[in-house]
Amino acid sequence: MLVFAHRGASADAPENTLLAVNKALGQDCDGIEIDVHQHGDQLLVIHDHWLHRTTNGQGQLSEYTFEQLQKLDAGLGESIPTLWQVMECVAGRCLLNIEIKGVHDVQLVLDNIEKALHELNFTLDHFIVSSFDHHLLRSIKEHKPDLKIGALTASKPIDYAGFAQSLNAYSVNADVTFVDEAFVLDAKRRGLKIFVYTVDQQADLTKLANWHVDGVFSNGPGRAKAFLAR
């Protein structure tokens, strides 16, 4: 079972920062999940479009210039990184799950991935692009059919993983609150990987491993990997 660092090793460093990414790499995670918002022609790695929860800023991303956003403290003196800065940091050392949130131009994401394939130590298999916005995922598949997409859900749909299959997704990424063994079996019957978020409790890790889930997103990837190894 793969262990992805959720927003980097966010239990040990400010989420979605380069410090969290580096700590995740140090914990030998199988992959790192980050969140991306578009700001003009830049892609910023931050979970919310409001600033107050994860930075010392107030208001929304859109109310600041890119230069002003770069000066904010995202915790422990860290700044809000760009997607490219995270890619440079990871450099193909593990999988990278890019969750697109406030993005309206998917070509920006694809351009960053294409550049990383040429300039950094990535292959296309290193990347998964996920979103709750399934319209964006469909657009990505239309632009780049060979890129892996992960269809996110925070619910248990009537047809289980059918929505992800209809998108030609690589994986269905499901909330630990709602996933059950029937959901897991349905995803596998459809040829999909099933990844579950956010998994930090040992009892959940044990249950999901017994159901043969393909991967989990954990705030403490090193601890999750150590527990699973035991």
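Excluded from the calculations below are hydrogen atoms, water molecules and symmetry mates; all remaining heavy atoms, backbone and side chain alike, are included. On a predicted model such as this, the values are computed, not experimentally measured, just so you know.
Between D41 and F66 there is no side-chain heavy-atom pair separated by less than 4.5 Å. Taking the side chain as every heavy atom from C-beta outward, F195 and V172 never approach each other to under 4.5 Å. In this structure the side chain of L51 reaches within 4.5 angstrom of the side chain of Y64, judged on heavy atoms. The shortest side-chain heavy-atom distance between I98 and I113 falls under the 4.5 Å cut-off. Contact check for F4 versus I128: side-chain heavy atoms found under the 4.5 Å cut-off. Residues V106 and V129 form no side-chain contact, since every pair of their non-hydrogen atoms from C-beta on lies 4.5 Å or further apart. Contact annotation: the side chain of M1 approaches that of L228 to within less than 4.5 Å [non-hydrogen atoms, C-beta and beyond].
A salt bridge links D214 with K188; the closest basic N to acidic carboxylate O contact falls under 4.0 Å. The pair R53-E15 counts as a salt bridge, with a side-chain nitrogen and a carboxylate oxygen less than 4.0 angstrom apart. For E181 and K207, the salt-bridge test fails: no basic side-chain N is under 4.0 Å from an acidic carboxylate O. A salt bridge links D30 to K225: at least one charged side-chain nitrogen sits closer than 4.0 Å to a carboxylate oxygen.
Between atom CG of residue L108 and atom NE2 of residue H39 there is a gap of 13.0 Å, rounded to the nearest 0.5 Å. The CG atom of D146 lies 14.0 Å from the OH atom of Y170; values are rounded to the nearest 0.5 Å.
There is a side-chain donor-acceptor pair under 3.5 Å between S171 and N173. Using modelled atom types, one finds no donor on one side chain facing an acceptor on the other under 3.5 Å when comparing S131 with D133. A donor atom on one side chain and an acceptor atom on the other are not found under 3.5 Å apart for D73 and N56.
Without hydrogens or angle criteria, D186 side chain to A182 main chain gives no donor-acceptor distance under 3.5 Å. Using modelled atom types, one side-chain atom of S218 and one backbone atom of V199 make a donor-acceptor pair closer than 3.5 Å. Distance alone, capped at 3.5 Å, is enough to place a donor-acceptor pair between the Q27 side chain and the G222 backbone. A distance-only check finds no donor-acceptor pair linking the side chain of N16 to the backbone of I34 [under 3.5 Å].
Among the candidates T198, D200, D12, the single residue satisfying the side chain to side chain donor-acceptor pair (under 3.5 Å) test with N219 is D200.
A pairwise comparison of heavy atoms in C29 and P221 identifies CB-CB, 4.0 Å as the closest pair.
In this structure, H52 places its NE2 atom where only 12 or fewer heavy-atom neighbours from other residues, nucleotides or ligands lie under 6.0 Å away. The number of heavy-atom neighbours closer than 6.0 Å to NZ of K193, taken from other residues, nucleotides and ligands shown, is 12 or below. Atom NZ of K23 sits in a sparse spot, with 12 or fewer heavy atoms from other residues, nucleotides or ligands closer than 6.0 Å. For Q107, the CD atom sits in a packed shell: over 12 heavy atoms of surrounding residues, nucleotides or ligands are nearer than 6.0 Å. The local environment of CZ in R190 is crowded, with over 12 non-hydrogen atoms from other residues, nucleotides or ligands closer than 6.0 Å.
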task: In sequence, state the C-alpha distance, the side-chain angles, and the governing distance for K156 and V179, and then conclude on side-chain contact (heavy atoms from CB on, under 4.5 Å).
output: CA-CA 7 Å; K156 184 162 63 177; V179 74; over 6 Å; no
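There is no path of hydrophobic side-chain contacts, each under 4.5 Å, that joins V103 to W50.
Taking the six-membered ring for Trp, H6 and Y197 have ring centres at least 6.0 Å apart.
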